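Here the structure is laid out as structure tokens; the discussion comes afterwards.
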Amino acid sequence: MTALLFLEQTLNGLQLGVTLFLMAAGLTLVFGIMNMVNLAHGSLYMMGAFFAATFVGWTGSFFLALPLAVAATFVLGLAVETLALRTLYGRDHLDQVLATFGLILFFNELVKIVWGPVSIFMDVPKALSGRVELIPGAPYPVYRLAVLAVGLAVAAGLWWLIARTRTGMLIRAGASNREMVGALGVDIKRLYTLVFALGAALAALAGVMAGPIYVVEIGMGDSMLIKTFVVIVIGGIGSIRGAFVAALIVGTVDTFGRVLPAQFGLPAAIAEMAIYILMAAVLFWKPAGLFGGRA
Amino acid sequence: MSGLDKRTWFVLVLLAGLAVLPLIATATGNEFQIGQFRRILIFAIAAVSLDLILGYGGMVSLGHAAFFGVGAYVVAILNWHADREVPLFGMMLGTQNVLATWTAAVVVSAGLAFLIGLVSLRTTGIFFIMITLAFAQMVYFFFVSLRAYGGDDGLRFPGDTVVLGVIDTENDTAFYYLVLGVLCATLYLCRRLVNSRFGMVVQGCRENERRMRALGYPTYLYKLAAFTLAGGIAGLAGALFAAHESYISPSIMHWTRSGDLIVMVVLGGMGTLIGPVAGAVAFLFLEKTLPDYTEHWMIVFGPILLLVVLFARRGIFGWFLPPEERDRHGH
Amino acid sequence: MATDALLSVKGLVKKFGGLTATDGVDLDVAEGEIHAIIGPNGAGKTTLIAQLAGELAPNAGTIAFAGRDVTAMPVYDRARRGIARSYQITQVFKGFTALDNVAMAVQAQAGHSFRFWRPARDDRELREPARAILARVGLDARADVPAAALAHGEQRQLEIAMALATQPRLLLLDEPMAGMGKEESERMTRLLAKLKGEETILLIEHDMDVVFALADRITVLVYGRAIATGTPDAIRANADVRAAYLGDGDA
């Protein structure tokens, strides 16, 4: 592998990493604060992408469509939380698995009815369509750099929200000790709804940005969801910092897992399996994840 | 105990109904449906095996379809090698002997369950759910990337059609009764198991694992044994499925298939063994018939699932039990 | 004392972040005695029990049981060697009957449970000893009632029955009277009095009347430190104890 290819793949890995982080940040908080399994998080990623496809059609602008789609998914998150998930917080995990599994079936079918069964290809916005020679001799797509930049900016924004604001303080307290937040006399219900909708918006952002890179299709959230699980397991439930570190690791390992085996003549099977092997190794060493307090 | 009577009635009526199903189908000129019924029974076996760990052990495994799929692939691959006369692992290991392939399916699935259980049972709760899902996905991708065996497209193979020298799997009805026999044997063995000392320990882990450890049980070992056993039975179901289809693809171990199995168990009534059989029948019947009414049946089925979870936790089996019996089984 | 003690704890330390819940505790429990641990709320009593049972690993110090270092031994191994515990918050198998609960405890001591065939509920080897123990704690009439349907006080008795059924050499009882009414407390006190002399017990209890009536020796725990150990009379007379604990109206 040449140094140039190595750098290019590193950027690809980081870009996948920040996308995974956007997914994992919201989900790890839902897990940590509500102690709730949400399989439907991938559906929100998918809904975000489909909303964006529609809004691009209406407005003709990706840059208008993106905030609209994120906002729409935020509202959808509010609705889903209030109508369905709220009643599940106190229930056991099996109930949550089943109910959110039902939501996945619902959303997949809904998309099929509204948008049809055919995949949608989203164009890279014109302003970001070129390549830039960030490293001499290796032109890299501007759009992917933009995704990376947005991801890092959101990560920084989340850090600020969680480390520096009162809401963030409550979220942190909730993630490490649920009883305590109740004892503080905070309106828990509103906090939960807010956290869930915020997670939905972040997932939608990831989905919208992934649209032009991959393809907008039914079930696109499923494989992302499972990779997100791997991120959360490695990072530790409820830890934003863990999610960030693990997302970058998983993104990089997954990307190189696709390139490296071929270079050494190894079977392609290793590619898809690399992150799961990594997860198994981390778990064996630290059952609660890298930054997790409890297993 | 009138509840026990009702329970026995439920089991007898359900199994008797399944036993006469081919006769009814033949009498009404619907022989072609016997294959569909057989498919349902095969999934029922897988659902019963999941009930062992989910209903009795309280382990919410979201990766059970992997063991089912691996069992099926073992049969398929061994048959394929024997048919093409291609050496496997450098030896002529391929075989079409049903006893050999089905045994191999059980052993390999159980072995895989052992390995996955070894790591995932170190954790509980949400972690356990996510890890079993992730491992199952790893197995799924492993078979997707196995180009030699068809990868994504799957593997078609000519299987041996004569089981134990008597039952011809080409004969729909005969094969149906073989599967029904395996299901009944599985139900009986699992019934013995859950009421044995081992079964009590597994149920104790569901009720209160911390207490079990304080009483002196190395709970990890018992849960691992149950997990392995359930994986082996799922592998057997997978082997039957391979023989049933003569074709196998990774899609049967997609993670949503694991979700389907959980739905069957809960829909039927978890921790009852017979409930999941009813659940498999109901689920696969709906999956087959609902699309006749609307192409978009999932949009109805998804919310139904949600409502069942919220309001009807007992499952089908629970409706047939008086309240005091339900509490013993409902969990 | 230390040499013939059944349980011998030396320099035990447990920290949670900045908080030291157990602060260099030394403790000996002699065979056959009831040794009570008292102290104000937050003194680290339950944390101490959890370390003795093996549910929490200490940061420093050693725990010796029956002449053997068990500090690093997992919970179930200690239970097998004879350390049984009851919980402050009832931990019974709610879906099982009272008899099932105790039979489960009997089974824990009856060799391994990799027995897959014979129905455990028809097993006289498990059921008869379980019935005998239910009778011992006065629950024999409630044997077939699901644990969830038992009254709170009965569930507490069941806790004790389960601990006894493991044939322990040392019983760790964490506030056996927690949440009990007057009548239930009296019944529990009679049960404990019955066990006195038959079992070695480490007892955590808030009810001072019960402690001073039953205990052979008492250790006072304040902010994780054992500030005094002695007979009930010696503890009553101890100035430090009076200042730190008994004096503040809690007694």
Side-chain angles (χ1 to χ4, degrees), chain A residues 31-32 35-40 83-85 87-88 91-110 112-113 219 222-223 225-230 232-233 236-237 267-277 279-281 283-284 287-289 292 294-295, chain B residues 54-55 58-60 62 115-116 118-131 133-148 151 254-256 258-260 262-263 265-267 270 294-310 313 331:
Chain A
F31 285 169
N35 191 23
M36 152 106 187
V37 186
N38 177 21
L39 298 180
L83 292 177
L85 299 187
T87 47
L88 291 169
R91 311 283 284 257
D92 62 34
H93 292 321
L94 179 62
D95 284 356
Q96 300 164 353
V97 164
L98 275 169
T100 53
F101 186 67
L103 279 180
I104 292 182
L105 300 182
F106 175 79
F107 279 119
N108 279 347
E109 206 59 45
L110 184 74
K112 205 181 280 176
I113 293 172
D222 290 1
S223 63
L225 174 78
I226 294 164
K227 276 182 192 151
T228 305
F229 279 1
V230 173
I232 292 172
V233 166
I237 287 177
I270 292 176
E272 292 281 10
M273 294 169 66
I275 60 168
Y276 303 105
I277 294 167
M279 180 192 75
L283 273 181
F284 210 79
R294 55 205 153 93
Chain B
L54 179 68
M59 295 169 246
V60 185
L62 199 40
L115 290 177
I116 290 180
L118 209 58
V119 177
S120 43
L121 287 170
R122 284 162 61 87
T123 66
T124 54
I126 296 181
F127 262 102
F128 181 77
I129 296 170
M130 290 195 288
I131 289 158
L133 172 58
F135 276 127
Q137 195 70 358
M138 174 169 110
V139 174
Y140 169 78
F141 279 125
F142 176 76
F143 283 100
V144 166
S145 57
L146 272 185
R147 301 268 176 263
H254 192 260
W255 75 276
T256 51
S258 298
D260 291 347
I262 292 185
V263 173
V265 171
V266 176
L267 198 63
M270 58 192 264
T294 164
E295 182 195 345
H296 302 294
W297 66 285
M298 282 285 183
I299 205 144
V300 187
F301 193 70
I304 286 180
L305 210 55
L306 218 141
L307 292 176
V308 166
V309 167
L310 294 181
R313 277 305 306 277
H331 179 58

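Quick caveat: nothing in here was measured; it's all calculated off a predicted structure. Because only heavy atoms are used, hydrogens play no part in the values below, and waters and symmetry mates are left out as well, while side chains stay in. Chain A is the first sequence line, chain B the second, and so forth, proteins listed ahead of strands; every chain is numbered from 1.
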Contact winner vs chain A - B:Gly259, B:Gly151, B:Gly125, heavy-atom pairs under 4.5 Å: B:Gly259
Between B:Ile131, B:Leu118, B:Val119, the one whose heavy-atom pairs under 4.5 Å with chain A are most numerous: B:Ile131
Residues which pass side-chain hydrogen bond (donor to acceptor under 3.5 Å, both in side chains) with B:Gln137, listed by chain and number, not counting sequence neighbours: none
Kindly give the heavy-atom pair with the smallest separation between [X] and [Y], and that separation in Å.
{"X": "B:Ala134", "Y": "A:Val230", "result": "CB-CG2, 4.0 Å"}
{"X": "A:Phe106", "Y": "B:Pro303", "result": "CD1-CG, 3.6 Å"}
{"X": "A:Phe284", "Y": "B:Arg122", "result": "O-NH2, 2.9 Å"}

Choice from A:Leu103, A:Asn108, A:Thr87, A:Asp222 maximising heavy atom contacts with chain B below 4.5 Å: A:Asp222
Residues A:Glu109, B:Val300; criterion side chain to side chain contact (heavy atoms under 4.5 Å, CB included); working and verdict: CA-CA 9 Å; A:Glu109 206 59 45; B:Val300 187; over 6 Å; no
Which portion of [X] sits near chain A, non-hydrogen atoms under 4.5 angstrom:
{"X": "B:Val60", "value": "side chain"}
{"X": "B:Ile304", "value": "neither"}
{"X": "B:Ser120", "value": "neither"}

Interchain contact, A:Leu225 with chain B, by part (heavy-atom threshold 4.5 Å): side chain
Segment of A:Ile226 engaging chain B (4.5 angstrom heavy-atom cut-off): side chain
Just verifying a value: how many Å separate [X] [atom1] and [Y] [atom2], rounded to the nearest 0.5 Å?
{"X": "B:Tyr140", "Y": "A:Met273", "atom1": "OH", "atom2": "CE", "answer": "14.0 Å"}
{"X": "A:Leu283", "Y": "B:Thr123", "atom1": "CG", "atom2": "OG1", "answer": "6.5 Å"}
{"X": "A:Tyr276", "Y": "B:Phe142", "atom1": "OH", "atom2": "CZ", "answer": "14.5 Å"}
{"X": "B:Met298", "Y": "A:Leu110", "atom1": "CE", "atom2": "CG", "answer": "14.0 Å"}
{"X": "B:Met130", "Y": "A:Ile237", "atom1": "CE", "atom2": "CD1", "answer": "4.0 Å"}
{"X": "B:Leu62", "Y": "A:Leu39", "atom1": "CG", "atom2": "CG", "answer": "6.0 Å"}

Pair B:Asp260-A:Phe101, side chain to side chain contact (heavy atoms under 4.5 Å, CB included): steps then yes or no: CA-CA 9 Å; B:Asp260 291 347; A:Phe101 186 67; 3.7 Å; yes
Which residues share a side-chain contact (heavy atoms from CB on, under 4.5 Å) with A:His93, sequence neighbours left out: A:Asn35, A:Val37, A:Gln96, B:Ile126, B:Ile129
